[in-house]
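Shown next, in structure tokens, is the structure this report addresses.
All values below were derived from every heavy atom in this structure, side-chain atoms included, with hydrogens, water molecules and symmetry-related copies excluded. In what follows, every chain begins at residue 1, and chains take the letters A, B, ... in the order their sequences are listed.
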Number of protein chains: 2
Amino acid sequence: MNRPAFRNWQTVQEEVLRRIHAREWKPGDLIPNEADLAEEFGCARATVNRALRTVAESGLLDRRRKAGTRVALQPVAKATIDISLIRQEIEARGQKYGYQLISRSLQEPPAQISGALQVPTTRMLHLSALHLANDAPYAVEDRWINTATVPTALSETFDTISGNEWLLANAPYTHGEIAFSAAAATKEEARLLGCPLHAAVFVIDRLTWDHAASVTKVRLIFAPGHQLRTTL
Amino acid sequence: MNRPAFRNWQTVQEEVLRRIHAREWKPGDLIPNEADLAEEFGCARATVNRALRTVAESGLLDRRRKAGTRVALQPVAKATIDISLIRQEIEARGQKYGYQLISRSLQEPPAQISGALQVPTTRMLHLSALHLANDAPYAVEDRWINTATVPTALSETFDTISGNEWLLANAPYTHGEIAFSAAAATKEEARLLGCPLHAAVFVIDRLTWDHAASVTKVRLIFAPGHQLRTTL
DNA sequence: AGAATTATTATGTACATACATAAAATCATT
DNA sequence: AATGATTTTATGTATGTACATAATAATTCT
């Protein structure tokens with residue numbers, strides 16, 4: 001019997017995935033422990049561990065100490081979405097990027113905004129801008145910046161660089177929340193995007209934090225037809 | 001000098017993140033190599049490697065052999081979205097799940113569908129169903145199943161179990177594509193969801209494959225107001 | 001029987017060492 | 001100076017051993 005050599009963790013991972021897909025290991029099944037698999041595959045336990053850990057991260061395996069490793073009953077597909085700069089997104093598609101500042105003002109935010117950012121109702125920096133791809137409207141950016149956290153934003157005009165880009169370079173964040181939804185274009189959004197009033201638009205809302213301090217809240221409204229795609 | 005003990009990879013990771021956030025290591029900077037960091041932190045190189053690898057996976061570091069590790073110039077935020085069963089999604093929020101089959105038929109798909117699934121224009125199984133949360137319409141499921149890949153689907157009525165759930169249990173897939181977008185509700189969708197015609201609805205399109213064979217193409221149309229949320 | 005304690009076990013990880021690999025840097029050659 | 005071969009170097013990973021940790025199983029005590 002010529003035992004195939006599973007000598008690196010990728011190979012072991014492929015074999016594990018094959019067995020799951022081929023239903024040799026069925027959903028809910030307890031699979032052999034690391035030590036046994038290591039012996040079977042002719043490699044070290046650490047190698048098996050690395051492979052199984054990676055598969056578990058993708059959601060196909062459930063692992064618990066002492067209880068062992070079992071094939072997930074209801075595998076939760078995990079879609080990873082790369083949130084890059086809008087400029088990069090457009091340039092990556094070989095299109096020309098354009099940016100246009102619509103308004104910049106210091107004003108008191110609506111309760112909904114100041115609540116989300118958890119700041120007392122002081123005046124904040126509000127930006128409205130338009131991103132263009134090949135001169136066509138691509139997305140409207142509506143942003144509030146917490147000037148208590150990022151005071152340097154007050155001395156930036158934002159007429160050539162987007163809030164998006166300036167903040168990434170000047171205001172680090174530790175974590176954040178993001179939400180995707182659909183909305184009907186408001187009058188202002190429709191005007192900027194050149195689409196009918198109440199057209200269905202794709203919206204991304206993002207809120208970022210630097211430790212306990214809120215940094216910015218941004219709403220991106222994409223022109224009709226926009227899709228956010230990824231692989232599973 | 002009492003050197004703090006960074007004795008496990010999580011602690012090392014936290015320190016690395018701290019230095020990046022504190023701009024001790026600035027975007028674009030080359031950071032010390034693994035061996036040096038291991039000495040500084042008083043741990044093994046493998047421990048530093050695990051920490052740096054994890055941070056790199058999150059997009060904050062760029063690593064290349066021989067070239068070393070540097071802080072990402074434009075960190076690409078990665079949002080991971082868990083795609084679970086609609087039933088689980090609803091039950092996880094403590095709501096009652098309901099399911100209603102609208103139609104089930106064998107028919108020749110429109111060119112757009114058969115093209116995406118890369119099958120000759122044979123008859124395919126088409127399902128239309130409604131998912132409910134606390135008896136209120138939650139999402140419309142419009143699904144095409146490739147009966148060449150999943151012949152057993154032909155003997156399932158789908159009147160009590162959704163295509164979503166049945167396929168997960170009976171038709172494994174190796175990979176897939178997913179797209180998020182906004183659309184105006186069609187007449188039929190508006191009727192089922194109980195919303196105005198052309199209301200802005202959130203849409204998820206998914207296409208799954210088992211190796212080279214297409215499995216299913218599904219379009220989920222969510223009731224107005226639906227949000228898909230995650231953390232950054 | 002039920003509760004508290006202890007033993008067992010599978011995963012999780014740290015470490016030292018060794019070698020693989022990719023890419024940059026250097027050197028030799030034309 | 002351009003080209004090609006060689007060396008160097010930082011990351012990538014495999015291995016054996018050791019111990020940590022969490023959760024289950026078994027045991028003891030009340």
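For N146(A), the side chain to side chain donor-acceptor pair (under 3.5 Å) partners are T149(A), S214(A), not counting sequence neighbours. Every salt bridge (charged side-chain N to carboxylate O under 4.0 Å, His left out) that D135(A) has, sequence neighbours left out, goes to K96(A). In this structure Q95(B) satisfies the side chain to side chain donor-acceptor pair (under 3.5 Å) test together with R93(B), sequence neighbours excluded. In this structure, R23(A) has no salt bridge (charged side-chain N to carboxylate O under 4.0 Å, His left out) partners at least two apart in sequence or on a different chain. R50(B) meets the side chain to side chain donor-acceptor pair (under 3.5 Å) test with no other residue; sequence neighbours excluded.
Annotation: Y138(A) is in aromatic contact with H226(A) [ring centroid separation under 6.0 Å].
Salt bridge absent: R7(A) and E15(A) never bring a charged side-chain N and a carboxylate O closer than 4.0 Å. Using a 4.0 Å cut-off between charged nitrogen and carboxylate oxygen, E40(A) and R19(A) count as a salt-bridge pair.
Near DNA chain C, meaning a heavy atom under 4.0 Å from it, residues 55-70 of chain A has R63(A), R64(A), R65(A), K66(A), G68(A), T69(A) in order of number.
Within the structure, the side-chain hydrogen bond (donor to acceptor under 3.5 Å, both in side chains) test picks out the following pairs touching residues 59-68 of chain B (sequence neighbours left out): E34(B)-R63(B), R63(B)-T69(B). Annotation: salt bridge (Lys or Arg N to Asp or Glu O under 4.0 Å) contacts involving residues 70-88 of chain A, sequence neighbours excluded, comprise R87(A)-E91(A), R87(A)-E165(A). Within the structure, salt bridge (Lys or Arg N to Asp or Glu O under 4.0 Å) pairs that include any residue of residues 143-154 of chain B comprise E141(B)-R143(B) (at least two apart or interchain).
Taking 4.0 Å as the cutoff to heavy atoms of chain B, we find the contact window on DNA chain D bounded by dT8(D) to dT13(D).
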Below 3.5 Å is the cut-off: list the nitrogen or oxygen pairs between protein and nucleotides 4-7 of chain C, distance only.
none

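Atom CD of E39(B) and atom P of dA16(C) are 12 Å apart (whole Å).
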Legend entry - Nucleotide-level pairing of DNA chain C, given in dot-bracket where Watson-Crick and G-U pairs need both distances under 3.5 Å and | marks other strands: ||||||||||||||||||||||||||||||

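R45(A) comes within 4.0 angstrom of a base, heavy atoms only.
Ring-plane geometry between F202(A) and F202(B) is classed as parallel, the angle between the planes falling under 30 degrees on a 0 to 90 degree scale with a further cut at 60.
Between the side chains of H131(B) and Y99(B), not a single donor N or O lies within less than 3.5 Å of an accepting N or O.
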